[in-house]
Colleague: 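Supplied in structure tokens, the structure appears directly below.
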Amino acid sequence: MNSDSDLQIAGDILEVPHLLQAPREHPATVAEFVGLARSIAADRSQWEHLVRYDATTRWYHRLRTGPGYEVWLLSWVPGQGSGLHDHGRSSGVLTVLDGTLTEHTERGTRVLEAGAQRVFAPGYVHEVANDALEPAVSLHVYYPGLTEMPMHTARACEARVEPRPVSA
């Protein structure tokens with residue numbers, strides 16, 4: 001069985017407290033960046049009052065920076081999407097805080113509800129969209145900080161669908 005991330009293969013290391021190292025002032029590993037995103041998500045007082053919704057464009061706000069990383073807060077009204085892109089040389093953690101977002105990749109489509117997280121490495125191509133009827137809010141951690149977001153053509157992300165046999 002193929003998996004999209006090491007977290008799906010190994011399980012969630014954050015659910016095994018005895019394996020966690022003492023918290024550092026600033027994260028340095030994938031698990032620590034995931035943990036940072038989870039801790040911010042759990043403390044709504046850090047972000048909820050900042051959220052704005054803009055019908056003309058996705059709204060975003062840089063919430064925090066640290067040595068080599070950035071944390072961004074984004075809102076999505078129904079119908080808004082990122083377009084197909086990657087994150088240049090940055091790795092990242094996407095966490096849905098409120099609502100539902102849909103992630104499209106060449107491997108298929110995944111619905112991400114509040115609490116869902118995606119971890120990605122440089123070169124990971126995807127599109128994120130709010131295909132729901134309610135607004136959504138997401139948190140994005142990038143390491144190193146996001147300096148580019150190359151756009152891709154839709155052809156690169158079309159899901160491969162096997163034709164179904166026609167019954168007589």
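All values below come from the heavy atoms of this structure, side chains included, with hydrogens, waters and symmetry mates left out.
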Colleague: Side chains of Ser75 and Pro135: closer than 4.5 Å at any heavy-atom pair?
Modeller: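 When only atoms from C-beta onward are counted, Pro135 and Ser75 do not touch, as no gap falls below 4.5 Å.
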Colleague: Taking all heavy atoms of Gly88 and all of Asp86, pick out the closest pair and write down the distance.
Modeller: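 Closest approach of Gly88 to Asp86, heavy atoms only: N-OD1, 2.7 Å.
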Colleague: Given 3.5 Å as the limit, does a donor-acceptor pair link the side chain of Gln117 with the main chain of Ala37, or not?
Modeller: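 Here the side-chain-to-backbone pair does not exist.
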Colleague: Just wondering, are more than 12 heavy atoms of other shown residues or ligands nearer than 6.0 Å to CZ in Arg44?
Modeller: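 More than 12 heavy atoms, drawn from other residues, nucleotides or ligands, come within 6.0 Å of this atom.
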Colleague: Same hydrophobic cluster for Phe120 and Tyr60, using side-chain heavy-atom links shorter than 4.5 Å among ILVMFWY?
Modeller: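 Both belong to a single hydrophobic cluster.
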Colleague: Looking at Val77 and Ala55, what are the two nearest heavy atoms and their distance?
Modeller: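 It is CG2-CA, 4.2 Å.
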Colleague: Within the structure provided, determine whether Thr100 and Asn130 are in side-chain contact (heavy-atom separation under 4.5 Å).
Modeller: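 A side-chain contact is absent here, since even the closest heavy-atom pair is not under 4.5 Å.
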Colleague: Please answer whether the main-chain N or O of Trp76 pairs with a side-chain N or O of Trp59 as donor and acceptor at a distance below 3.5 Å.
Modeller: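 Such a contact is absent between Trp59 side chain and Trp76 backbone.
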Colleague: Report, as yes or no, whether the 6.0 Å neighbourhood of atom CD on Glu48 holds more than 12 heavy atoms from other residues, nucleotides or ligands.
Modeller: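 More than 12 heavy atoms, drawn from other residues, nucleotides or ligands, come within 6.0 Å of this atom.
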Colleague: Can Thr102 and His104 be counted as having a side-chain donor-acceptor contact under 3.5 angstrom?
Modeller: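 Checked: Thr102/His104 side chains show no N/O donor-acceptor pair below 3.5 Å.
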Colleague: Within a strict 4.5 Å, meaning less than it, do heavy atoms of the Val125 and Leu84 side chains meet?
Modeller: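 Touching, per the 4.5 Å side-chain cut-off.
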Colleague: Determine, using the 4.5 Å side-chain heavy-atom cutoff (strictly less than), whether Tyr53 and Leu139 are members of one ILVMFWY cluster.
Modeller: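 Same cluster.
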Colleague: Would you kindly confirm whether Leu50 and Val71 end up in one hydrophobic cluster when ILVMFWY residues are joined by side chain heavy atoms under 4.5 Å apart?
Modeller: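 Cluster IDs for Leu50 and Val71 match.
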Colleague: Heavy atoms, side chains only, cut-off 4.5 Å: are Tyr69 and Pro27 in contact?
Modeller: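 Side-chain contact under 4.5 Å: yes.
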Colleague: Atom OG in Ser138, atom CG in Leu73: separation rounded to 0.5 Å?
Modeller: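 Ser138 atom OG to Leu73 atom CG measures 7.5 Å (nearest 0.5 Å).
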Colleague: Are Ser82 and Arg58 close enough that some pair of their side-chain heavy atoms sits under 4.5 Å apart?
Modeller: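 Sidechains of Arg58 and Ser82: in contact.
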Colleague: Is any side-chain heavy atom of Trp47 closer than 4.5 Å to a side-chain heavy atom of Leu63?
Modeller: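 Counting from C-beta outward, Trp47 and Leu63 do come under 4.5 Å.
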Colleague: Give me the atom names and distance for the closest heavy-atom approach of Pro144 to Arg89.
Modeller: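 Here Pro144 and Arg89 meet closest at CG-NH1, 3.3 Å.
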Colleague: When you compare the side chain of Leu74 with that of Val137, does any pair of heavy atoms fall below 4.5 Å?
Modeller: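 No; the side chains remain at least 4.5 Å from each other.
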Colleague: Rounded to the nearest 0.5 Å, how far does CG of Leu101 lie from CZ of Arg110?
Modeller: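 Spacing of CZ (Arg110) from CG (Leu101) equals 13.5 Å.
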Colleague: Can we say Asp43 and Arg38 salt-bridge, meaning some charged N sits less than 4.0 Å from an Asp/Glu carboxylate O?
Modeller: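 Looking at Asp43 and Arg38, the cut-off is not met.
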Colleague: Checking side-chain contact (heavy atoms from CB on, under 4.5 Å) between His126 and each of His152, Arg118, His87, Glu106, which is the one that passes?
Modeller: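 Exactly one option meets the side-chain contact (heavy atoms from CB on, under 4.5 Å) with His126, and it is His87.
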Colleague: Any side-chain heavy-atom pair from Ser90 and Tyr143 closer than 4.5 angstrom?
Modeller: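 A side-chain contact is absent here, since even the closest heavy-atom pair is not under 4.5 Å.
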Colleague: How far apart are the C-alpha atoms of Leu112 and Leu94, what are their side-chain angles, what is the distance that settles it, and do they pass the side-chain contact (heavy atoms from CB on, under 4.5 Å) test?
Modeller: CA-CA 10 Å; Leu112 306 171; Leu94 160 74; 3.8 Å; yes
Colleague: When you measure from the side chain of Glu70 to the backbone N and O of Arg64, does any donor-acceptor pair fall under 3.5 Å?
Modeller: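 Such a contact is absent between Glu70 side chain and Arg64 backbone.
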